[in-house]
Amino acid sequence: MSSTPFRARVLATVRRIPPGRVATYGDVAAAAGSPRASRAVGNIMRDCRSAAVPCHRVIAAGGQLGGYGGNLQMKRELLRAEGIIVAGNRVREFTARRWKAPGRPRQSNVNPR
DNA sequence: CTGCTGACTGGTA
DNA sequence: GTACCAGCCAGCA
C-alpha cells in the first residue's frame with residue numbers, strides 16, 4: 001500500500017482526524033514531517049480511494065475546500081453530514097473546526113515559536 | 001539522473 | 001472580490 005514512508009505518515013495522520021474536524025494540507029504535511037509538502041499531500045490524497053482515509057476532511061488553507069477529484073460537491077456534502085457548515089467553497093468557523101495533529105510531548109519547550 | 005505534474009500556499013497586481 | 005506568479009515538495013515517466 002504505502003510505497004513510501006511519507007505516504008504512510010500522511011495517511012496515518014488523515015486517518016487520525018476525528019469526525020467533525022478538518023485539517024489543511026499544510027497541517028497534514030507538517031504532521032507527516034514536511035510542513036511545506038502541502039502539494040505532495042494533495043497528490044497522495046488524489047490517489048486515496050480507501051474509505052479508511054477520510055480524505056474529505058482534508059481541506060486547503062484558509063478553510064477553502066480545495067479539491068476532490070471531480071466530485072467537490074460530494075466532499076461538501078460529506079463535511080456537512082459531519083456537522084461542518086460549508087458556505088460556498090469555505091468552511092464556517094474554520095479556525096474552530098481545524099484539527100491539529102498531537103505534537104510529540106517533549107520535556108523541553110522554552111520557545112515554541 | 002533529469003524533467004514535468006499537481007486535491008497547495010502566499011504574495012503581488 | 002479575481003487573476004497571475006514564484007516557491008515548495010513528493011511521485012512518476
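The structure displayed is predicted, hence computed values, not measured ones. Just so we're on the same page: letters track the sequence lines, and every chain starts at 1.
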Could you pull out all donor-acceptor pairs under 3.5 Å where a side-chain atom in residues 67-77 of chain A meets a protein atom, sequence neighbours excluded?
from, atom 1, to, atom 2, distance (Å)
A:Lys75, NZ, A:Val58, O, 2.7
A:Lys75, NZ, A:Leu65, O, 2.6
A:Lys75, NZ, A:Gly67, O, 3.3

Say you draw a straight line from CG of A:Asp27 to CH2 of A:Trp99; how long is it, rounded to the nearest 0.5 Å? 9.0 Å
Scan nucleotides 6-12 of chain C nucleotide by nucleotide, 5' to 3', and note B when protein non-hydrogen atoms come under 4.0 Å of the base, S if they reach only the sugar-phosphate, - if neither. -BBBBSS
Interatomic distance, A:Gln64 CD vs B:dG10 C1' [rounded to whole Å]: 12 Å
I need the full list of salt bridge (Lys or Arg N to Asp or Glu O under 4.0 Å) pairs touching residues 50-61 of chain A, with sequence neighbours left out, sorted by first then second residue. A:Arg57-A:Glu82
Applying side chain to side chain contact (heavy atoms under 4.5 Å, CB included), run through A:Val22 and A:Ile84 and close with a yes or a no. CA-CA 9 Å; A:Val22 293; A:Ile84 300 173; 3.4 Å; yes
Got a sec, which pairs hit salt bridge (Lys or Arg N to Asp or Glu O under 4.0 Å) with one end in residues 10-25 of chain A, sequence neighbours left out? none
Keeping to residues at least two apart or across chains, list the salt bridge (Lys or Arg N to Asp or Glu O under 4.0 Å) pairs with something in residues 41-53 of chain A. A:Arg7-A:Asp47, A:Asp47-A:Arg49
Verify side chain to side chain contact (heavy atoms under 4.5 Å, CB included) between A:Ile85 and A:Glu93, making sure each step is shown before the conclusion. CA-CA 8 Å; A:Ile85 318 267; A:Glu93 296 282 284; over 6 Å; no
Check A:Phe6 against A:Ala32 and note the closest heavy-atom contact, atom names and distance. CE1-CB, 3.7 Å
The correct list of stems in which DNA chain C takes part (3 or more consecutive Watson-Crick or G-U pairs, distances under 3.5 Å) is B:2-6 with C:9-13, B:8-13 with C:2-7
